[in-house]
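Structure first, commentary second.
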Amino acid sequence: MPSTRYLQREHITLRAVEPDDLDYLYLIENDSSVWYEGATVAPYSRAIIHQYIDQYTADIYRDRQLRLIVTLNTTGERMGIADLYEYDPTHNRAGVGLYIDPQYRRQGYGREALLALCDYAFGMLHMHQLYAIARIGNKASISLFTACGFNRHNTLHEWVREHDHYTDALIMQYIRRTSSTPNISHQDE
């Protein structure tokens with residue numbers, strides 16, 4: 001039976017962005033070492049991030065995106081960000097982005113966060129599919145998405161510019177086949 005606590009797992013919780021997340025978001029958004037994983041090419045000022053937080057509605061239907069902060073249940077400490085982006089209400093799909101702070105990686109928190117986000121997208125938002133684009137060289141990300149039920153589909157050749165060269169990326173999808181599909185959080189656990 002699907003959980004009704006979509007945004008919480010054993011060790012993590014996904015919560016809305018709060019005003020006191022400004023410094024945390026500022027650090028992550030301005031970490032140029034991960035910009036090539038997404039679409040960022042320039043730093044964000046505190047004023048821009050403050051404005052984003054101030055105007056953020058968490059309404060995926062209006063904004064076509066949803067950003068959640070990943071927190072550790074025992075302490076409430078921030079440990080990452082989970083995003084649904086490019087939400088398409090016609091085709092009922094969205095892209096998935098996940099960032100886990102380096103000190104929390106490879107401990108199962110990313111898996112819990114991704115499963116909680118997927119449960120929410122399929123169970124509460126009734127999405128048909130989620131997709132992710134992962135650089136071929138990002139083995140940890142590919143492994144995580146695969147372990148959470150995403151299937152590798154196509155290769156996007158020379159999709160990501162990484163410093164002075166281009167790298168291929170994979171499109172990975174999780175498609176909910178029917179409304180009676182079991183809650184994905186119970187697969188392979």
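Treat the numbers as computed from the prediction; the structure is a model and nothing was measured.
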Can you tell me how far OG1 of T167 sits from CG of N138, rounded to the nearest 0.5 angstrom? 11.0 Å
Check this for me: does any side-chain nitrogen of one of E18 and R67 sit under 4.0 Å from a carboxylate oxygen of the other? no
What's the spacing between D83 CG and L98 CG if we round to 0.5 Å? 8.5 Å
State, with a plain yes or no, whether a side-chain heavy atom of I12 is found less than 4.5 Å away from one of T71. no
In Å, rounded to the nearest 0.5 Å, how long is the span from CD1 of I69 to CG of L14? 9.5 Å
Between R15 and D21, is the closest basic N to carboxylate O distance under 4.0 Å? yes
Is the closest basic N to carboxylate O distance between D168 and R135 below 4.0 Å? no
Test item: Y26 and S45 side chains (from C-beta on) under 4.5 Å apart, heavy atoms: no
Reported CD1-to-CD1 distance for the pair I53 and I48, which is rounded to 0.5 angstrom: 12.0 Å
May I ask you to say whether R78 pairs ionically with D20, meaning some side-chain N is under 4.0 Å from a carboxylate O? yes
So do the side chains of Y104 and V70 get within less than 4.5 Å of each other, counting heavy atoms only? no
For the pair R46 and D23, find out whether any cationic side-chain nitrogen is under 4.0 Å from an anionic carboxylate oxygen. yes
Do V17 and L25 touch side chain to side chain, with heavy atoms closer than 4.5 Å? yes
Hey, what do you get for CD (Q55) to NE2 (H50), rounding to the nearest 0.5 Å? 10.5 Å
Connecting only ILVMFWY residues whose side-chain heavy atoms lie within less than 4.5 Å of each other, what is the rest of L27's hydrophobic cluster? none
Side chain proximity check, L170 to I142, heavy atoms < 4.5 angstrom: yes
Work out which heavy atom in Q103 is nearest to a heavy atom in Q107; give both atom names and the distance. O-NE2, 2.7 Å
Close side-chain approach of T146 and M172, heavy atoms under 4.5 Å: yes
Output a table of donor-acceptor pairs, distance under 3.5 Å, between side-chain atoms of residues 126-134 and any protein atom two or more places apart or on a different chain; print 'none' if there are none.
| unit_1 | atom_1 | unit_2 | atom_2 | d |
| --- | --- | --- | --- | --- |
| H128 | ND1 | R176 | O | 3.3 |
| Q129 | OE1 | Q173 | NE2 | 2.5 |
| Y131 | OH | E86 | OE1 | 2.8 |

Does the ring centre of Y44 sit less than 6.0 Å away from the ring centre of Y52? no
Any heavy-atom pair between the side chains of Q65 and Y87 that's under 4.5 Å? no
In terms of heavy-atom contacts, I100 and G110 come closest through CG1-CA, 3.8 Å
L125 vs Y120 side-chain heavy atoms within contact, under 4.5 Å: yes
Would you please say whether a donor-acceptor pair under 3.5 Å links the side chains of Y99 and E29? no
Can you hop from Y24 to L72 via hydrophobic side chains spaced under 4.5 Å? yes
Of all heavy-atom pairs between R9 and A116, which one has the smallest distance, and what is that distance? CG-CB, 3.6 Å
